[in-house]
Amino acid sequence: MESSDKNRRYQIFNTYVDVYSFDETVHKIERIISERNPTQHVVINASKVNLMQKDRQLTEIVNSCPLINADGASIVWAAKKLDIPLKERVTGIDLFLKLVEISNDKGYRIFLFGAKEEVVAKVKRTFEEKYSNLKIAGIRNGYFNEAEEPEIVNMIAQSNSDILFVAFSSPKKEFWINKYLHQLKVPFVMGVGGSFDIVAGMTSRAPVWMQKKGLEWLYRFFQEPRRMWKRYIIGNAKYIILVYKTKYFRKKHKEVGQ
């Protein structure tokens, strides 16, 4: 990371966030692709921060990434409470879609990895119908066993891709990308979670007004309340407590230092 980049990174809880705007993030990614040095991208939100409080390996992986964006409105809210100059969030789904658009314009080769076979195939068809110049170097569903991993890694490495999108849930995607990053030989590798399902029409995204209000989590909860209640109800409560505890201890630390 260059010195100017270091000045844009702030500690938040036991991790960091880079205070780039959406456009600045895209510009940085284009530079990463041009430099051809395999780079893992990661986003943080309330759920991932909660996971990182009890998973040291996940924390180390996230903190080692040269680019850490604020995906959730929860991170922007916490940044304000903790006096971190984070102006906007860079959502994973928006960044994913923008990079596909840019790949069509600039000739980047992309690889789509994850989700069910019918889903990733639908994502491929959807993008090809929308972008006439898009180069999709390959696709692969996200269902495999450990014995198949070397073959998958080799297939991706042989594809000569510029960007790899990995549609696994957290923390599986962070662990998998970190494990194989340099063997994949792809300049920019990004975990995109459930984004393939959205593009394929399997799930829907929150209305724009809910996105602007930071209520996407509530929309997601209403879609699958039985599966998501623990993550969003209990998880959000834990996160709010963590924010105020962090604020309190930072204030105490400043008082002691005065």
Separation between [atom1] of [X] and [atom2] of [Y], rounded to the nearest 0.5 Å:
X      : Y     : atom1 : atom2 : value
Ile163 : Leu99 : CD1   : CG    : 5.0 Å
Thr91  : Asn69 : OG1   : CG    : 9.5 Å
Tyr10  : Asp83 : OH    : CG    : 10.5 Å
Ile68  : Asp18 : CD1   : CG    : 5.5 Å
Gln40  : Ile61 : CD    : CD1   : 6.5 Å
Met190 : Phe96 : CE    : CZ    : 8.0 Å

If you look only at distance, which donor and acceptor atoms sit under 3.5 Å apart when one is on a side chain in residues 117-129 and the other is two or more places apart or in another chain?
| from | atom 1 | to | atom 2 | distance (Å) |
| --- | --- | --- | --- | --- |
| Glu117 | OE1 | Asn141 | ND2 | 2.9 |
| Lys122 | NZ | Ala200 | O | 3.3 |
| Lys124 | NZ | Glu128 | OE1 | 3.4 |
| Lys124 | NZ | Glu128 | OE2 | 2.8 |
| Thr126 | OG1 | Lys122 | O | 2.8 |

Residue Met228 excluded, over 12 heavy atoms near CE under 6.0 Å: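 Atom CE in Met228 is packed in, count exceeds 12.
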Evaluate the ring planes of Phe188 and His41, with Trp represented by its six-membered ring, and classify them as parallel (under 30°), tilted (30 to 60°) or perpendicular (over 60°).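 Tilted.
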Which heavy-atom pair separates [X] from [Y] by the least distance, and what is that distance?
X      : Y      : answer
Arg109 : Ala137 : NH2-CB, 3.5 Å
Leu51  : Pro171 : CD1-CD, 4.2 Å
Leu86  : Ala79  : CB-CB, 3.8 Å
Ala206 : Glu216 : CB-CG, 3.8 Å
Asn50  : Gly235 : ND2-O, 2.8 Å
Pro187 : Ile33  : CB-CA, 3.9 Å

Pairing of [X] and [Y] as salt bridge, 4.0 angstrom limit:
X      : Y      : answer
Lys106 : Asp162 : no
Lys179 : Glu149 : yes
Arg231 : Glu224 : no

When Phe113 is tested against each of Phe165, Tyr143, Phe196, Phe168 for ring-ring contact (aromatic ring centres under 6.0 Å, His included), which residue passes?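 Among Phe165, Tyr143, Phe196, Phe168, the one meeting ring-ring contact (aromatic ring centres under 6.0 Å, His included) with Phe113 is Phe168.
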Hey, could you give me each pair passing side-chain hydrogen bond (donor to acceptor under 3.5 Å, both in side chains) that has a residue in residues 185-197? Not counting sequence neighbours.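 Non-adjacent pairs meeting side-chain hydrogen bond (donor to acceptor under 3.5 Å, both in side chains): zero.
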According to the side-chain hydrogen bond (donor to acceptor under 3.5 Å, both in side chains) rule, which pairs have a member within residues 166-178, sequence neighbours left out?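 Qualifying pairs: Lys48-Glu174, Ser170-Lys173, Ser170-Glu174.
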Does Val166 form a side chain to side chain contact (heavy atoms under 4.5 Å, CB included) with Val192? I'd like the steps, not just the answer. CA-CA 6 Å; Val166 181; Val192 295; 5.9 Å; no
Are any side-chain N or O atoms of [X] and backbone N or O atoms of [Y], one a donor and one an acceptor, separated by less than 3.5 Å?
X      : Y      : answer
Asn45  : Ser47  : yes
Gln183 : Val153 : no
Ser21  : Glu24  : yes
Glu35  : Ile32  : no
Asp71  : Gly92  : yes
Arg9   : Pro66  : yes

Decide side chain to side chain contact (heavy atoms under 4.5 Å, CB included) for Val43 and Val90; before the verdict, give the C-alpha distance in whole Å, the side-chain angles of both, and the deciding distance to 0.1 Å. CA-CA 8 Å; Val43 297; Val90 179; over 6 Å; no
Ile44/Ile12 under side chain to side chain contact (heavy atoms under 4.5 Å, CB included): CA gap, chis, key distance, verdict: CA-CA 10 Å; Ile44 56 172; Ile12 183 166; 4.2 Å; yes
Report the C-alpha distance between Ile29 and Leu95 in whole Å, list the side-chain angles of each, state the deciding distance to 0.1 Å, and finish with yes or no for side chain to side chain contact (heavy atoms under 4.5 Å, CB included). CA-CA 10 Å; Ile29 291 169; Leu95 186 58; 3.9 Å; yes
Under 3.5 Å, which donor-acceptor pairs link side chains of residues 242-249 to any protein atom two or more places apart or in another chain?
| from | atom 1 | to | atom 2 | distance (Å) |
| --- | --- | --- | --- | --- |
| Thr246 | OG1 | Leu242 | O | 2.7 |

Any donor-acceptor N or O pair under 3.5 Å, side chains Ser204, Gln223: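 A pair is found: one side chain offers a donor N or O, the other an acceptor, under 3.5 Å apart.
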Step-by-step salt bridge (charged side-chain N to carboxylate O under 4.0 Å, His left out) determination, Lys98 to Asp23: CA-CA 10 Å; Lys98 184 64 177 180; Asp23 290 341; over 6 Å; no
Suppose the criterion is ring pair (Phe, Tyr, Trp, His ring centres under 6.0 Å): which pairs have a residue in residues 198-243, not counting sequence neighbours?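 For residues 198-243, and leaving out neighbouring residues, the ring pair (Phe, Tyr, Trp, His ring centres under 6.0 Å) pairs sorted by first residue read Phe13-Tyr239.
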So, using side-chain contact (heavy atoms from CB on, under 4.5 Å) as the criterion, who are the partners of Asn14 when residues are at least two apart?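 Counting only residues at least two positions away or on another chain, Asn14 forms a side-chain contact (heavy atoms from CB on, under 4.5 Å) with Met52, Gln53, Thr59.
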